[in-house]
Amino acid sequence: MALYSYQGGEPAPLPTIPGTNTAIIHVSGVPRTDGSTFTAQEMADAGYTGPHEKPSFDEATHNAPNWNGSAWVVPSKSVAERKTWLKAKATEKFREMRDAGTTYSGTPISTTHDAIVELREGLEKINSTMPAGTINVVTRSGAKLTLGSVNTHQIITAIQDYVADCQEREHALHTAIDAAADHAALDAIDINSGWPT
């Protein structure tokens, strides 16, 4: 949608007749509604400049565009702003990877908090029966498993180890980001690599 600046204000779509999509401008006090006939001079006489295309930007290195009264400006992020953004993205990536799952004996398993809680409850059930019983589960990949006390405990440990490795990676990223002294050092940090699988 075309954006126009009215008297230097931030560009926006042309005003429309209420309840319609029909643009309307006032030229010399006369309302005009046929947008295909608006000339550049008529637009200027009505107080409009444009159209102005809002620029795209890389949120890792720049802030959102702002209007300076005559043009869009895309300000670069400072090193401090980039650090804040990168740390938020590293934590977002941690949450994604923490819940992405791991494998146990070649079978994909969930690594969410709920999965650990459910397995611990299952372990309690197994251990409360004499002799120790089993539980039947369906993994996130759809595999059906019958688990006893030993392998349930092993799966819980595997999940805990995986989550701890994710926490270590997030910590390492935050440490590297804090230590970065300039934009080049921040450019060298890859928040998508180094995660456990």
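Computed from a prediction, not measured in an experiment: that's the story for all the values here.
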Shortest non-hydrogen contact from [X] toward [Y]:
X      : Y      : answer
Asn192 : Asp190 : N-OD1, 2.9 Å
Gly148 : Thr152 : O-OG1, 2.7 Å
Ile189 : Ala180 : CD1-CB, 4.5 Å

Nearest 0.5 Å, what's the [atom1]-[atom2] distance between [X] and [Y]?
X      : Y      : atom1 : atom2 : result
Asn66  : Lys54  : CG    : NZ    : 9.0 Å
Asp99  : Cys166 : CG    : SG    : 9.0 Å
Asp165 : Gln167 : CG    : CD    : 9.5 Å
Leu86  : Asp187 : CG    : CG    : 9.0 Å

* **Sequence-distant partners of Asp178, side-chain contact (heavy atoms from CB on, under 4.5 Å), two or more places apart** => Lys87
* **Non-neighbouring partners of Val79 that pass side-chain contact (heavy atoms from CB on, under 4.5 Å), sequence neighbours left out** =>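 Scan of Val79 (side-chain contact (heavy atoms from CB on, under 4.5 Å), adjacent residues dropped) gives Lys83, His183, Leu186.
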Measuring only between side-chain heavy atoms, which start at C-beta, is [X] closer than 4.5 Å to [Y]?
X      : Y      : answer
Glu170 : Trp195 : yes
Leu147 : Leu119 : yes
Thr102 : Pro196 : no
Val73  : Pro65  : no
Asn151 : Leu145 : no
Asn63  : Lys77  : yes
Leu123 : Ser149 : yes
Pro51  : Tyr4   : yes

* Check the surroundings of atom NE2 in His62: do more than 12 heavy atoms from other residues, nucleotides or ligands lie under 6.0 Å from it? =>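 More than 12 within 6.0 Å, yes.
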* To do: Mark yes when over 12 heavy atoms from residues, nucleotides or ligands other than Glu168 sit less than 6.0 Å from its CD; otherwise mark no.
  => no
* Structure fact -> side chain to side chain donor-acceptor pair (under 3.5 Å) filter on Gln41, not counting sequence neighbours, yields Asp45
* Should Arg82 and Asp182 count as an ion pair when the cut-off is N to O under 4.0 Å? ->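 Answer for the salt bridge query: no.
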* To do: Taking only Lys NZ, Arg NE, NH1 and NH2, and the carboxylate oxygens of Asp or Glu, determine whether Arg95 and Glu92 approach each other closer than 4.0 Å.
  => no
* Asked: Applying the 4.5 Å side-chain criterion to the ILVMFWY set and letting contacts propagate, would Tyr6 and Leu3 be lumped into a single cluster?
  ->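 They do not share one cluster, since no chain of ILVMFWY contacts under 4.5 Å joins Tyr6 to Leu3.
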* Asked: With hydrophobic residues grouped by side-chain heavy-atom distances under 4.5 Å, do Ile109 and Ile126 end up in a single group?
  ->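 Yes.
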* Asked: Between Arg169 (side chain) and Ile191 (backbone), is there a donor-acceptor pair under 3.5 Å?
  ->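 No, Arg169 side chain to Ile191 backbone: no donor-acceptor pair under 3.5 Å.
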* With sequence neighbours excluded, give me every side chain to side chain donor-acceptor pair (under 3.5 Å) pair touching residues 105-121. => Ser110-Thr112
* **Pairs involving residues 64-107, ordered by first then second residue, that meet ring pair (Phe, Tyr, Trp, His ring centres under 6.0 Å) (sequence neighbours left out)** => His52-Trp67, Trp67-Trp72
* To do: Write out all pairs satisfying salt bridge (Lys or Arg N to Asp or Glu O under 4.0 Å) with one or both partners inside residues 3-28, taking only residues at least two apart or from two chains.
  =>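 Those involving residues 3-28 do not exist here.
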